[in-house]
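What follows is a short report on a single structure.
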Amino acid sequence: MRRAPLARSIKEGRGIQLLRFGGFRGTSRAAQVPANSQLLWQADTACWLDGPWRAHEVRRTLAGRRRIAVIGPCGIPDGELARLATHGVPDDVAWRWPGSYTVVAADDHETTIWTDVGGAWPIYTTWADGGMHWSSSARALASLKGSRVDVDRLAAWLIAPGVPTLWGVRSAFADVSLLPPGYRVTLTANGSVDRQPVWRPQPRAGDHLARLRAELSSAVAVRVDAAASPTADLSGGLDSTSLVVLAAERLAPERSITGVTLHPRGNTTDGDARYAREAGGTPGVYHRWLSLGSEHMPYSLLDVPATDEPAPSTIGYASFSARLGWLRDQAKTDSHMTGDGGDGLLCTPALFLADLIRARRYGRATVETMRWARLNRRSVSPLLRSARRVARTTPASALDAWANALSAIGQSAPTVKLGHGDVAWFPPVSPPPWATDSLWERVAMAAAAVPGSDDTREWPDWTTRRLAEVMADTGRTARADVDIAAHAGVPLHNPFLDSRLLDACLSMPTDERPGPSDYKPVLRRALADLLPESIAGRVSKGDQTADYYQGLRANRAAIEDMAHGRLAALGLVDPTMVRQLVTRAATGMPDAYGMVEPFVSAEVWLCAVESAPVTPWKMVRAEQGVS
């Protein structure tokens, strides 16, 4: 694995540019805060900022003993913060304005945090110094507790990365907890923590196309209005192209947005490049091409900065770091948008078929199942049976059954295997041959510890609940990539994770929601007048599987060497089986490849966390705060 020059500039050329914030609530008039941070207000109810924040991303007001802050990109109107200070903060602030942000209010008695709906700003807590510390950085809080990794949580992620229910509110670090998204969390001086859900989307009639367009346009505006050099991915896919054309509509003719398309060196015509070229001709778009060579293949560079958990970009870090370096040095970006989150938000899961049966929409359930079966090349009858079976279960009972199947796999007992496209609450688990008995024992214990209570009645249907879980997981993991971009000095934004946009999409009634075989029809129709016809007509996204196999083969020896690394030292993986699996995956076996990627991501993350410096903290007293 080679270290590309652009990647070197990311890690060494600019220094850490992370944007972090947090605070403390306790009885003491003194509190610890990160050494390089600055206080927004005094120490007994400390709220601090760390990093090169811009003025429009931190709004605050002080009214008597009440302090309120809105942190993160947010389209809050002028004067609204002062009104909240006078009249109080309603719970709908979590999704009242465009953007991805956290609201914090504090007085002499308590500190209240409203977490964003999409989880784009994960908030973590830990008990120390006789009070509760909270922060957007789990790794920063972990440094107060010895920076120990939560091995049980890591084990659960290794086996079932697509089932965040398995680890719930646990972070990747021991003794550091995650606050749920869309919640009001109240911290008191005596250490009590009260968590209450404040957001549950409610079915709403109306023009869903117009609402989606309005909310996505507002999300884009929050990013480009305050930027001098806005940029965005322009992959040729539907999500990134939508952001680019909406930005161009807002900025043209006085300004433009730079759309960046990655392409194999010497080839700007094949695959998604032809769609990107067409979109790049939109008025208000300055289209740029970024050439990538063999040194940017997947697995070619794994010197990834430390993050709060394994980053989605880990395997493709070579190309990701090259893009970031180019955006910083060539495009001079001060706001870069990606389409991350669009797939999870706009594609209806197969679980919707069970919802149709529960709602007694039997005719539509049959039609949608036939279409889904045709798309996945499956027989209709088994899919209908699985939809009926799921319709008769609850999420809690489904989790119990899934956990039992997980334990059976660990005990080498036969279990039911789900196929691609099946209707189920949780994705199938393929037992990795490198998993040790210790790993399975940890995962079984984690599954057994998951609370079994159901909140089904609080959700309009199961599809909505599932989509909310998917987006919360997507938002939290995407923060790792945002932090990696911050290491490069690139402010990276994911508008599809914005709270108001999630509320708009998840408030669609069951009868009006598209089926799982339809590819983002609401977005395509909502932007039909802006999207190039060829892109508006796309019914799938590009496939880069071949690139990943090539990268794995080219870097096979280095990946095999990782088999005896930190995961093996923790007793979670069998090195011999890892090496055998890498060999199988390099030959092109899809099942084997899918088991290599989580192993590599976790091993790289452990290495980065171990080698990264811990966050230094300092003690401050109340009189040092901003009054």
Side-chain angles (χ1 to χ4, degrees), residues 6-7 9-22 34 36-37 48-54 57-58 71-73 100-102 115-116 118-124 134-143 147 149 157 171-173 176 178-179 181 223 233 301-325 327-328 333-338 340-341 472-495 497 601-602 604-616:
L6 281 172
S9 69
I10 284 177
K11 295 202 72 177
E12 299 171 2
R14 292 290 294 268
I16 296 176
Q17 302 287 311
L18 296 183
L19 298 180
R20 304 184 293 190
F21 62 93
N36 297 319
S37 65
W48 51 264
L49 300 174
D50 189 19
W53 288 88
R54 302 183 183 194
E57 292 184 333
V58 180
I71 305 173
S100 293
Y101 56 88
T102 301
T115 57
D116 73 293
W121 281 109
I123 304 297
Y124 303 91
W134 60 272
S135 174
S136 63
S137 171
R139 203 162 63 85
L141 294 183
S143 63
S147 297
V149 170
W157 183 88
S171 80
F173 293 92
V176 177
L178 171 70
L179 296 182
R223 275 70 181 199
D233 289 349
L301 177 69
L302 296 175
D303 190 14
V304 183
T307 52
D308 284 343
E309 61 182 276
S313 64
T314 299
I315 304 303
Y317 181 63
S319 63
F320 186 49
S321 59
R323 177 175 26 150
L324 294 173
L327 287 167
R328 183 195 65 220
T333 185
D334 56 355
S335 178
H336 181 75
M337 296 186 297
T338 84
D340 285 359
D473 184 56
T474 301
R476 191 198 70 253
T477 56
R479 176 54 47 180
D481 279 350
V482 173
D483 285 348
I484 289 175
H487 277 273
V490 174
L492 189 146
H493 299 273
N494 301 306
L497 299 174
S601 293
V604 168
W605 178 76
L606 284 171
C607 178
V609 168
E610 182 180 294
S611 59
V614 298
T615 300

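Since we're looking at a predicted model, the values are computed, not measured.
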What is the distance from atom [atom1] of [X] to atom [atom2] of [Y], rounded to the nearest 0.5 Å?
X      : Y      : atom1 : atom2 : value
Asp340 : Thr474 : CG    : OG1   : 9.0 Å
Phe320 : Ile315 : CZ    : CD1   : 14.0 Å
Ile123 : Leu178 : CD1   : CG    : 9.0 Å
Leu492 : Met337 : CG    : CE    : 10.5 Å
Ser319 : Leu324 : OG    : CG    : 9.5 Å
Thr115 : Trp134 : OG1   : CH2   : 11.5 Å

Exercise. Ser313 and Asp481: side-chain hydrogen bond (donor to acceptor under 3.5 Å, both in side chains), yes or no, with the steps?
Worked result: CA-CA 6 Å; Ser313 64; Asp481 279 350; 2.6 Å; yes
Problem set entry | Ring centers of Tyr317, Trp605 separated by less than 6.0 Å | no
For this session: With the side chain counted from C-beta on, respond yes when Arg54 and Pro491 share a heavy-atom pair under 4.5 Å apart, and no when they do not.
Result: yes
What are the two closest heavy atoms between [X] and [Y], and how far apart are they?
X      : Y      : answer
Thr333 : Arg328 : CG2-N, 4.4 Å
Ala318 : Leu301 : CB-CB, 3.7 Å
Ser143 : Val614 : CB-CB, 4.0 Å
Pro613 : Arg139 : O-NH1, 3.6 Å
Val609 : Thr307 : CG2-O, 4.2 Å
Leu497 : Ala478 : CD1-CB, 4.0 Å

For this session: Quick one: do His493 and Val482 satisfy side chain to side chain contact (heavy atoms under 4.5 Å, CB included)? Show the steps, please.
Result: CA-CA 7 Å; His493 299 273; Val482 173; over 6 Å; no
Exercise. Is it true that a side-chain atom of Ser136 and a backbone atom of Phe21 form a donor plus acceptor pair closer than 3.5 Å?
Worked result: yes
Exercise. Under 3.5 Å, is there a donor-acceptor pair linking the side chains of Ser100 and Asp116?
Worked result: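 Asp116 and Ser100 do not have a side-chain donor-acceptor pair below 3.5 Å.
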Problem set entry | Set of salt bridge (Lys or Arg N to Asp or Glu O under 4.0 Å) partners for Arg479, sequence neighbours left out |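 Once residues adjacent in sequence are excluded, Arg479 has no partner under the salt bridge (Lys or Arg N to Asp or Glu O under 4.0 Å) criterion.
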Seminar exercise, completed: Across all chains, not counting sequence neighbours, the ring pair (Phe, Tyr, Trp, His ring centres under 6.0 Å) partners of Tyr101 are Trp97
Problem set entry | Carboxylate-amine/guanidinium contact Asp308 Arg476, below 4.0 Å |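 No salt bridge links Asp308 with Arg476.
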